Q: 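For reference, the structure I am asking about is given below.
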Amino acid sequence: MAGVNKVILLGRLGRDPEARSMPSGGKVVSFSVATSETWNDKASGERKERTQWHKVVIFNEALGGIAERFLKKGSEVYLEGALESRKFTDKDGAERETTEVVLRQYRGELTLVGGRASGDSEMGGGGGGYAPRERAAAPASRAPAQRGGGGAPSWDSPSGHGDLDDDIPF
């Protein structure tokens, strides 16, 4: 029976991505992502929060380039990868083990979430689907501004003509 190893994370970067060259000539990009969950404590009634930190390693040249170019500490990111553990010897000679979320060639996804930051003027459409996009289901706090007649244009409320048949070029 085959197994499934898939990790999906939506969180914020804890540090800027770090790129390193491998002896084989390829590049590896790594960073950490924080995910948080909140709940109300039944005993005290106070709001509690727990944050988990995840090490992420990208061996995919295209995704690594996007991460290196556009992500920075605090960026919100959605990613899909596989959970992998490995052993290594640290600089003091001690055997260590680490578990990471790994995005490999043809087996990973990276999506920049949210709008453009002030320094991200280079981001645009195209790029093989790796460019940032708005989330399909907007949070409730933003939903009224994106829908209806008074807000900015969106896919749900086309601007301009009420009858789109006149604008179709074929």
Side-chain angles (χ1 to χ4, degrees), residues 3-41 44 46-143 145-146:
V4 176
N5 181 356
K6 185 171 188 174
V7 175
I8 299 173
L9 296 176
L10 175 63
R12 295 198 178 270
L13 269 68
R15 60 182 170 94
D16 290 344
E18 179 183 313
R20 298 179 310 276
S21 295
M22 295 185 294
S24 64
K27 186 167 38 171
V28 61
V29 176
S30 61
F31 51 89
S32 58
V33 172
T35 57
S36 297
E37 63 176 314
T38 58
W39 70 95
N40 287 328
D41 185 280
S44 67
E46 74 179 89
R47 193 94 173 133
K48 300 273 187 170
E49 181 176 10
R50 177 177 33 226
T51 301
Q52 298 274 338
W53 287 95
H54 313 277
K55 295 179 183 179
V56 178
V57 181
I58 302 175
F59 290 100
N60 179 319
E61 292 269 341
L63 292 180
I66 297 296
E68 185 180 16
R69 188 169 170 196
F70 295 115
L71 293 180
K72 61 181 184 250
K73 181 178 179 178
S75 297
E76 188 174 15
V77 66
Y78 169 91
L79 56 92
E80 294 181 15
L83 201 58
E84 294 185 17
S85 295
R86 63 181 172 88
K87 292 183 179 182
F88 64 97
T89 305
D90 67 10
K91 61 184 174 187
D92 298 327
E95 286 286 320
R96 310 248 336 208
E97 186 171 345
T98 186
T99 302
E100 302 162 324
V101 177
V102 178
L103 285 70
R104 294 200 179 273
Q105 192 71 25
Y106 307 114
R107 287 187 294 149
E109 182 176 329
L110 174 71
T111 304
L112 299 119
V113 180
R116 293 182 186 185
S118 59
D120 293 341
S121 60
E122 295 181 49
M123 283 198 254
Y130 300 117
R133 64 179 185 220
E134 288 296 319
R135 295 184 32 90
S141 63
R142 289 189 349 204
Q146 290 184 344

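The first residue of the sequence shown is numbered 1, and numbering continues consecutively from there. Predicted model only: the values in this text are computed from it and were never measured.
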Q: If we ignore hydrogens and angles and just use 3.5 Å, is the side chain of Glu61 paired with the main-chain N or O of Gly26 as donor and acceptor?
A: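 Such a contact is absent between Glu61 side chain and Gly26 backbone.
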Q: Mind listing the closest non-hydrogen atom pair of Ser36 and Thr51 along with its distance?
A: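 Taking every non-hydrogen atom into account, OG-OG1, 3.0 Å.
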Q: For Phe88, is there any backbone N or O sitting under 3.5 Å from a side-chain donor or acceptor partner on Arg96?
A: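 Not at all, since once roles are kept as given, no pair shorter than 3.5 Å links the two residues.
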Q: Where do Ala62 and Asn60 come nearest, in terms of heavy atoms and distance?
A: N-OD1, 3.0 Å
Q: Out of curiosity, Ile58 CD1 to Leu103 CG, how far, rounded to the nearest 0.5 Å?
A: 5.5 Å
Q: Holding to side chain to side chain donor-acceptor pair (under 3.5 Å), I want the full list of residues that pass it with Gln52, two or more places apart in sequence or in another chain.
A: none
Q: To the nearest 0.5 Å, tell me how far Trp39 CH2 sits from Glu46 CD.
A: 10.0 Å
Q: About how many Å separate CE of Met22 and NZ of Lys27, when rounded to the nearest 0.5 Å?
A: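 Result: 10.5 Å between the selected atoms.
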Q: Heavy atoms only: give me the nearest Ala67-Val29 pair and the separation to one decimal.
A: CB-CG1, 4.3 Å
Q: Could you give all pairs that pass the salt bridge (charged side-chain N to carboxylate O under 4.0 Å, His left out) test and reach residues 47-60, with sequence neighbours left out?
A: Glu37-Arg50
Q: Nearest 0.5 Å please: distance from the CD1 atom of Ile66 over to the OG1 atom of Thr111.
A: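 Reported value, rounded in 0.5 Å steps: 11.0 Å.
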Q: Return yes if some donor-acceptor pair links the side-chain N/O of Asp90 with the main-chain N/O of Asp92 below 3.5 Å, else return no.
A: yes
Q: Treating Asn5 as the side-chain partner and Leu83 as the backbone partner, does any N or O pair qualify as donor plus acceptor under 3.5 Å?
A: yes
Q: Can you check whether Ile8 reaches Tyr78 side chain to side chain, under 4.5 Å on heavy atoms?
A: yes
Q: Within a 6.0 Å radius of atom CZ on Arg15, are there more than 12 heavy atoms belonging to other residues, nucleotides or ligands?
A: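 Yes, CZ of Arg15 has more than 12 neighbouring heavy atoms, counting only those of other groups under 6.0 Å.
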Q: Heavy-atom distance under 4.5 Å between the side chains of Val77 and Val113, does that happen here?
A: no
Q: In Å, rounded to the nearest 0.5 Å, how long is the span from CG of Leu79 to CZ of Phe31?
A: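 Answer rounded to 0.5 Å: 6.0 Å.
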Q: What are the two closest non-hydrogen atoms of Ala19 and Glu68, and how far apart are they?
A: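 That would be CB-OE2, 3.3 Å.
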Q: Ignoring hydrogens and angles, tell me if any N or O in the side chain of Asp16 forms a donor-acceptor pair with the backbone of Lys73 under 3.5 Å.
A: yes
Q: Identify the two heavy atoms, one from Leu10 and one from Thr35, that lie closest to each other, and give their separation to 0.1 Å.
A: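 That closest heavy-atom pairing would be O-CG2, 3.5 Å.
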Q: Would Lys6 and Glu80 pass as an ion pair if we require N to O under 4.0 Å?
A: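 Glu80 and Lys6: salt-bridged.
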Q: Closest approach of Val7 and Val101, non-hydrogen atoms and distance?
A: CG1-CG2, 3.9 Å
Q: Quick one: CG on Leu63 to CD on Glu109, what's the gap to the nearest 0.5 Å?
A: 8.5 Å
Q: Could you work out, with side chain to side chain donor-acceptor pair (under 3.5 Å) as the rule, every residue matching Arg86, not counting sequence neighbours?
A: Glu100
